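These notes are about the structure you will find just below.
Small disclaimer: the values here were computed from a predicted structure and weren't measured.
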Amino acid sequence: MLDRSRLLAGKTDPENSNLWLPLWMHLRDTAEIMELLVRKWLPDSVKKASGLEEEELVQLARFLGWGHDLGKAILIFQSTIMQCLPEAKQRLERLTPLSCQKLNRRETPHARASEAILRKLGCPGGIASVAGAHHGKPQDGTEVDKQFTCWEVNYYPEEQKGIWEGFWNELLQEALQDSGYSGVDALPVLNQPEEILLTGLLIMADWIASNTDYFPLIPVEEPGSEAVYPERADRAWREWDKQETASPWAAQTTIAEPEEFAKRFGFAPNAVQQAAMEAANTMDAPGILILEAQMGVGKTEAALAAAEILAARFGAGGIFFGLPTQATANGLFPRLLQWAVNQPDDLPRSIRLAHGMAELNEEYIRLQQQPVRVQDDWDDPEAEEQRVQVHQWFRGSKQALLANFVIGTVDQLLMAALCQKHVMLRHLGLAGKVAIVDECHAYDAYMNRYLDRALEWLGWYKVPVILLSATLPARRRAELIEAYQQKRRPGPDAPWKTSCGYPLLTWTDGAQVQQKIIPLDTAARNVQTVRLTTEELPDFLSQKMQAGGCAGVIVNTVRKAQEAAQRLRQVLPEKEVQVFHAQFLMPDRAAREQELMRRIGKRSTAAERDGLIVVGTQVLEQSLDVDFDVMVTELCPMDLLLQRIGRLQRHPNRSRPQPLQTAVCAVLDTGTEEFDRGSEAVYGQWLLWRTRACLPESICLPEDISPLVQKVYGWEQADALPETERSESMCKAYEFAQAQRKERAQVYLVPQPKVHKRFKQLNTLDGWMQNVGAHSDAAARAAVRDGDPSVEVLAMQRRADGSIHFLPWQENGRAVASDQPPQPEDALQIARQKLRLPAVFGKVWKVDEVIRELEADNRSGLAAWQLSPLLHGELVLLLDENLTAHLAGMELCYDRENGLTYQKEETDEGDRI
């Protein structure tokens, strides 16, 4: 029974010295939540990945809850926290003095102290390292080793050593007894992946237990009572469950029945969808499934149906659906929501939209309406800025992957491979799901390093993974499979690695790889290709659209899109020309998306489409389910070019003007051996050269998709293209650039899954995450994407009298006070005025100047806005009454029709999407 250790403080309210929480109660609270999480929230698949049976896992979970904050039972922590609790301090000082040297506090943050004490008490090093990592970053083992040799003064005065060790032993014995262990020798020895999952669970439990709305503080004169348990924890669980769905998704295999499939999606399954479900049903163990099929065939529905089957068969509790861009995630969100609503167990409230702008979604705003004060590791100098704050856990960012159904950008998955604080939460969230990644061909060598490392961990956890692509190079297919299987070296060639069959399904069944070419049940269609120069573009569109219809023009840079649209408006004034790219204000872009979906989406009419030309960048290639009667694309790598063609006459049985009955795609090129400089900056010369050389005059869809992609990307095999001095030079430059990207990505990758079988004592988290690659979610998203960082601003207007307004068409141009923090609703609307600056502003030689000027301008006129939680850390770009601004020697101008433009001396350097 606890006795003297009840005098120790665990939590306090710095603003009210009459309230506290004894340390033993916080430990008990955390232990109770750990058990509830295991029993009521944790999916079966994660329990299996933990390596323990459920009752064994409950035992260990309770012990970790009790042990995670033992490092608060030391002199330096108690002397600090007791400054806020004079009455409790007086009680403790009757037993032991609290005066101490405070010079070395930095060397003994309480998470490190917890690990050191558990080690000293004989606990296995792996379990101790979980306690040491419970604030999101594992400890450096050498620093833990030093605690009782170099920093003993932080733990106790030498003459009081027995008293403080008595505290530890008292708490340890309570932990062992409560969790059902006979002694520390009975504790299990874990491996590193198991420790990562348990650390994620412990972080989650600690954050919930630290929420004083769930676990209130008590009067300082009370030592706490055992009698309040288990009701104290049960009440907290009920309160938490109001915000978070505590039950895992109970998936059903009945989706394989045609009538059930139709209930989910409104139509019967086609051959591709049927094949995906059959493969999912035949797997003997969780594995990876790659579906390569043409655009518009229903890969999304195939993936969701297969995911239901895999989740039901292997105990997954949810789904993660990762897409290339925020626009694609936003576009798919309603479809995923409808699918969830149609589940036998209706759990739509457990869906999360997870990407960089998700916190501006209404659902996330609701999570912030009741701020939660969390005292998070305030004896850790690295975390002092978090002393009292609305923790990110409750703001929907770090914990987004813990919801049942998550749809977001693929960054959320890639960040599981990034050395970032609290990355264990991402592992915990993903380990309990079926992971789906769409457009898995769309990532460069840098991002692929993160994707491959994430797949290695998912393979270790036995997470079912579904990858989707219309245009996947065969070599990349093999890399993805081997990453999931954690093969350190490529295996020997096998037929599945080089197959050009299409549509194609490849999946693992244990160590075996299975493959199936799916017989087509749709008619093939032919697309003619013609080559154009930019000068010939207006005449081409004029001729093709003489009887009406709509056209899509996709180019490779924002500047090119703006210039092309301006010229088309001048030469073809009778046509309506709209521009679509990523450098629009967020509300303006959303409005344009909705307008385009109405005008040229699946339900558009001939009248709505007539005479419309849409000029855009890669966002048109990936994000919108739109249909053009005629297509123009700038030369780009073959896989992306075919993706763009997927927007050409996408919706069958549509009435089209006579000149557009035949599908035609014009490819914009220079007409010389040279390449467009903007395109070259984005894609490099090598893939552009090969695509130019391999582009046929007619493409049969879908049969030609895979052969054309393999022809461009499979040059290491029998290459049909002649080798020249120029091509050899381009190839070497391409391979060098790819190698550089891979090397850059390597710096902040989490280590590969590793288990020491012979020396089990080495299976700890110590040193697992030495180099932290990002200190914020925004920085983490940037870290898993290559290139210069993009600079995002909030665009507002400063009028001649100095007043601050929304842009004229936003919020009716109303004014917002600049000398005080905006009200929450105003702050939300301001935060939605997000605008990405052109790529040149993020260049290494420019970005510091850009941020310095913006910060200076904001400090002088908008300092009070930084006190708003939604606006803290944001940069505001103030446009004048002509909607222009001067920044870092350039003039910026925002136009509602064209987006953001700028004037500079340099030529276009690849301002992508």
Side-chain angles (χ1 to χ4, degrees), residues 325-327 355-360 558-559 562 581-592 619 776-779 781-782 785 787-799 803-811 813 816 818 821-822 826-896 898-904 911-913:
T325 64
Q326 293 176 9
H355 57 62
M357 301 298 291
E359 284 197 2
L360 303 184
V558 172
R559 172 159 285 191
Q562 292 167 333
H581 52 71
Q583 281 171 18
F584 277 100
L585 217 58
M586 191 180 79
D588 290 348
R589 177 170 167 178
R592 295 181 93 76
V619 290
S776 69
D777 281 345
R781 288 189 295 271
R785 291 183 183 261
D788 298 309
S790 59
V791 179
E792 292 186 329
V793 297
L794 306 178
M796 299 290 285
Q797 185 182 51
R798 178 165 52 196
R799 297 188 179 172
S803 60
I804 307 299
H805 296 252
F806 289 93
L807 300 195
W809 57 91
Q810 298 291 337
E811 298 289 305
V816 184
S818 60
D826 282 345
L828 172 59
Q829 296 306 324
I830 294 169
R832 285 181 168 152
Q833 309 307 306
K834 187 79 78 172
L835 178 65
R836 183 191 303 171
L837 296 183
V840 66
F841 290 88
K843 296 293 183 185
V844 174
W845 42 266
K846 177 67 71 173
V847 66
D848 288 344
E849 180 185 1
V850 168
I851 293 175
R852 187 167 57 249
E853 286 190 20
L854 287 169
E855 286 181 337
D857 194 30
N858 291 183
R859 277 195 303 270
S860 65
L862 297 172
W865 285 17
Q866 291 298 309
L867 300 177
S868 165
L870 267 179
L871 302 181
H872 179 70
E874 297 285 358
L875 298 169
V876 182
L877 177 68
L878 294 172
L879 304 170
D880 62 22
E881 291 177 311
N882 296 317
L883 300 184
T884 63
H886 296 274
L887 180 63
M890 302 187 194
E891 183 179 76
L892 292 158
C893 183
Y894 189 80
D895 180 276
R896 192 177 184 183
N898 297 301
L900 188 68
T901 59
Y902 66 97
Q903 292 182 357
K904 66 186 184 74
D911 299 323
R912 296 188 65 181
I913 57 176

Measure across Ser818 and Ala864 and return the closest heavy-atom pair with its distance rounded to 0.1 Å. O-CB, 4.0 Å
In short, Gly813 meets Arg799 closest at the heavy-atom pair O-NH2, 3.4 Å
Between Asp880 and Asn882, is there a donor-acceptor pair closer than 3.5 Å when you use the side chain of the first and the backbone of the second? yes
Quick check: do Glu874 and Lys834 have side-chain heavy atoms less than 4.5 Å from each other? yes
What I'd like to find out is whether the side chain of Leu862 reaches to under 4.5 Å of the side chain of Leu871, using heavy atoms alone. no
Non-hydrogen atoms of Tyr894 and Leu585 that approach each other most closely: OH-N, 2.9 Å
Under a 3.5 Å distance rule, please check whether Gln866 uses its side chain to pair with a backbone N or O of Gly873 as donor and acceptor. yes
Heavy-atom distance under 4.5 Å between the side chains of Leu900 and Pro838, does that happen here? yes
Considering all heavy atoms of both residues, which atom of Arg592 and which atom of Arg896 are nearest to each other, and what is their separation? NH1-O, 3.3 Å
Looking at residues at least two apart in the chain, or sitting in another chain, which of them share a side-chain contact (heavy atoms from CB on, under 4.5 Å) with Leu867? Pro821
Flag side-chain contact, heavy atom, 4.5 Å: Arg589 against Val619: yes
Worked check of side chain to side chain contact (heavy atoms under 4.5 Å, CB included) between Phe806 and Gln797: CA-CA 6 Å; Phe806 289 93; Gln797 185 182 51; over 6 Å; no
With the side chain counted from C-beta on, respond yes when Asp857 and Arg798 share a heavy-atom pair under 4.5 Å apart, and no when they do not. yes
State, to 0.1 Å, how close Gln829 and Glu811 come at their nearest heavy-atom pair, and which atoms those are. OE1-OE2, 3.4 Å
Search all heavy atoms of Asn898 against all heavy atoms of His581 and return the closest pair with its distance. O-NE2, 2.8 Å
4.5 Å side-chain heavy-atom contact, Leu875 and Glu792: no
Looking at Leu877, Leu887, Leu837, which hits side-chain contact (heavy atoms from CB on, under 4.5 Å) with Val791? Leu837
Given side chains that start at C-beta, do those of Pro822 and Leu870 come closer than 4.5 Å, heavy atoms only? no
Check for me whether Arg559 meets the cation-pi criterion with Tyr902, that is, NZ or CZ under 6.0 Å from the six-membered ring centre and within 45 degrees of the ring axis. yes
Salt bridge (Lys or Arg N to Asp or Glu O under 4.0 Å) filter on Asp588, not counting sequence neighbours, yields none
Taking the side chain as every heavy atom from C-beta outward, state whether Thr901 and Asp895 have any atom pair closer than 4.5 Å. no
